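See structure below.
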Amino acid sequence: MEGLLCLWRLSVRIRVLGSAAGGGFPQWNCGCANCRGVREGSLKALPRSQESVAVSADGEQWFLLNASPEIRQQIESFPSLHPREPRHSPLAAVLLTNGDLDHCLGLLSLRESHPLVVYATDRLRRGFTEGNVLYRTLERTPEQVTWRALKAGREEELAGRDGRGSGLLVEAVPVPGKPPIHLERAFPPDPEDSVAFRIRQRASGRVLAYFSGVARVTAEVRKALDDADCVLFDGTFWSDDELPSQGLGSKRAAEMAHVPIGGPGGSLASLAGLSASRRIYIHINNTNPILREDSPERAAVVAAGWEVAWDGMEVAL
Ligand SMILES: [Zn+2]
Ligand SMILES: [Zn+2]
């Protein structure tokens with residue numbers, strides 16, 4: 001029993017707060033078959049909010065991976081993130097993968113004079129803070145936001161403002177991506193535009209690989225996933241022409257920096273054989289057929305040993 005208790009204490013808790021790509025499911029201005037069906041209740045599919053995940057090794061200090069525009073409801077949806085004192089939050093820090101608004105906008109909603117710690121690349125910090133008048137809401141006091149620079153290939157222990165260790169080490173892994181749309185003309189592309197995280201528990205050595213936005217599965221991406229115990233991976237689109245084929249604009253998945261799941265160059269094929277015991281698609285666009293629980297695409301994903309993230313899903317690492 002004691003041994004069991006010990007194992008339970010050791011495990012890292014991973015809670016999916018939001019599992020959809022930008023826009024959510026359904027998306028406010030979308031009348032695609034999926035969005036219509038989920039609104040009408042005629043589809044075997046769950047609505048989903050925009051992607052965000054909470055991680056903790058001790059159940060006390062929680063780290064948020066991406067801050068979605070739906071952050072307030074997402075925090076309320078998970079009692080572990082509720083305050084334990086009149087002014088308090090178990091949220092020790094926020095980690096950002098890239099500057100897309102569906103990943104950053106939630107920061108501006110955490111403005112109730114609460115000190116925040118944010119981990120991001122220098123590039124992302126500059127893109128979010130420079131010339132952004134709305135950011136002033138997080139600069140009302142000099143100490144309101146502490147930015148900690150993530151550097152590719154450097155592993156560091158995650159900590160909140162008090163510097164207390166969390167038992168979790170993070171390494172930022174640059175992944176093929178692009179700058180956020182509102183900065184595409186401002187900067188040339190940079191390797192630090194998009195990163196993924198390898199989060200390793202010091203005590204067990206177990207690794208969560210959080211790769212929610214990946215344009216291509218390169219040898220480096222594959223290598224960073226090879227020894228992970230749990231993989232959360234970009235599940236935005238099933239096919240490269242998903243939007244044009246449904247009459248929803250002209251952009252292909254590749255132009256939006258997301259490798260599709262299906263097809264010969266898709267992630268299902270290129271990530272075959274990963275040893276992780278949990279392999280989960282997250283950041284799923286509302287057009288993606290894997291959202292429909294009875295679709296052939298969902299069946300293909302499940303047959304290959306992958307799961308599809310949903311809001312409220314929990315994984316113990
Ligand atoms: Zn996104
Ligand atoms: Zn839609």
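Since the structure is predicted, the reported quantities are computational estimates derived from the model, not experimental observations. Both counts, for ligands and for their atoms, begin at 1 and track the order of listing. The chain is numbered in sequence order, starting from 1.
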May I ask you to decide whether [X] forms a salt bridge with [Y], counting only side-chain N to carboxylate O separations under 4.0 Å?
{"X": "Lys178", "Y": "Glu184", "answer": "yes"}
{"X": "Glu192", "Y": "Arg126", "answer": "no"}
{"X": "Arg198", "Y": "Asp227", "answer": "yes"}

- Query: Roughly how far, to the nearest 0.5 Å, is CG of Leu95 from CZ of Phe197?
  - Reply: 4.5 Å
- Item | ring-ring contact (aromatic ring centres under 6.0 Å, His included) involving Trp62 - partner list, sequence neighbours excluded |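 By the ring-ring contact (aromatic ring centres under 6.0 Å, His included) rule, Trp62 matches Phe78.
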- For the pair Glu156 and Leu150, evaluate side chain to side chain contact (heavy atoms under 4.5 Å, CB included) and give the outcome as yes or no after the intermediate values. CA-CA 9 Å; Glu156 57 192 294; Leu150 290 170; 3.9 Å; yes
- Tell me, please, which residues at least two apart from Arg87 pass side-chain contact (heavy atoms from CB on, under 4.5 Å). none
- Provide the protein N, O or S atoms situated under 2.8 Å from the Zn ion (ligand 2); waters are not included.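 Those protein N, O or S atoms (cut-off: under 2.8 Å from the Zn ion (ligand 2)) are Cys30 SG, Cys32 SG, Cys35 SG, Asn286 OD1.
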- Can you find a pair of side-chain heavy atoms, one from Leu64 and one from Val53, that are under 4.5 Å apart?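 Side-chain contact under 4.5 Å: no.
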- Any Leu158 side-chain heavy atom under 4.5 Å of Val55 side chain: no
- With a cut-off of 2.8 Å, strictly less than, protein N/O/S atoms near the Zn ion (ligand 1) add up to 3
